[in-house]
Amino acid sequence: MSPYTNLEEYNLEITEEVKSRYSSIISEIGEDVSREGLVKTPERAAKAMLFLTQGYKQDAVKILKGAMFKEDYDDMVIIKDIELYSLCEHHMLPFFGKAHIAYIPNGHIVGLSKIPRVVDVFARRLQVQERLTHDILECINDTLQPKGVAVVIEASHMCMMMRGVQKQNSVTTTSGFRGQFEKQETRNEFLKLISSNLS
Ligand SMILES: [Zn+2]
């Protein structure tokens, strides 16, 4: 199934508006918008941009609440290597990488597939990596009210790789911890369990 499947839900007026702006941008950079390969580009770019920012219209709290189950399990639950694609709000260029998330249940667990969906809701917006980390952390903490939650994100930023300093291999790591993960011992256990991924 195409990732653009639910585009029908998008407001056609907005798509038209964004499309005409892309058309102007393409002309401004010195291209011929009527060239065969570019004829449909403004529309495709508009739909891609709306897809990549659809998180504004989605509700992460609702996603979590829709799949919370009473359960006595109270060991650490870790979801590693969650693929993440976002747009930096300073350049509107992609940053991408992985999120590693853990929580310690406090009477409730959540369907495991919901955690990556929460990541998507906050990633599909104009973001900075620090706020993205914080948004995911606070959402899980407030909604699930676990005994602790931890979020680590490692990402490469196209705005650094393709322009400016051109540090092509740098990876930015951000992290946030709440509750029991604020204790060194618990935090270290989590970091050890995901450490095969951290370089
Ligand atoms: Zn940037």
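All ligand and atom numbering here is 1-based and tracks the order in the structure. Both backbone and side-chain heavy atoms feed into the values below; hydrogens, waters and symmetry mates do not.
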| task | Answer yes or no: is there an ion pair linking Arg131 with Glu89, defined by an N-O contact shorter than 4.0 Å? | result | yes

| Salt-bridge contact Arg21-Glu17 (side-chain N to carboxylate O under 4.0 Å) |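 Salt bridge flag = yes for Glu17 with Arg21.
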
| request: Using the six-membered ring wherever Trp is involved, compare the ring planes of Phe96 and Tyr85 and label them parallel, tilted or perpendicular (cut-offs 30° and 60°). | output: parallel

| Under 2.8 Å from the Zn ion (ligand 1), which protein atoms of type N, O or S occur, listed by chain and number? |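 Within the sphere that stays under 2.8 Å of the Zn ion (ligand 1), the protein atoms of type N, O or S are Cys88 SG, His91 ND1, Cys159 SG.
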
| Step by step, would you call Ile153 with Thr173 a side-chain contact (heavy atoms from CB on, under 4.5 Å)? | CA-CA 6 Å; Ile153 293 176; Thr173 304; over 6 Å; no

| field | Distance in Å, Lys147 NZ paired with Ile104 CD1, rounded so as to fall on 0.5 Å steps | value |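 CD1 of Ile104 is found 8.0 Å from NZ of Lys147.
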
| said: Any carboxylate oxygen within less than 4.0 angstrom of a Lys/Arg side-chain nitrogen, looking at Glu16 and Lys19? | reply: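 Judged by the 4.0 Å cut-off on N to carboxylate O distance, Glu16 and Lys19 do form a salt bridge.
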
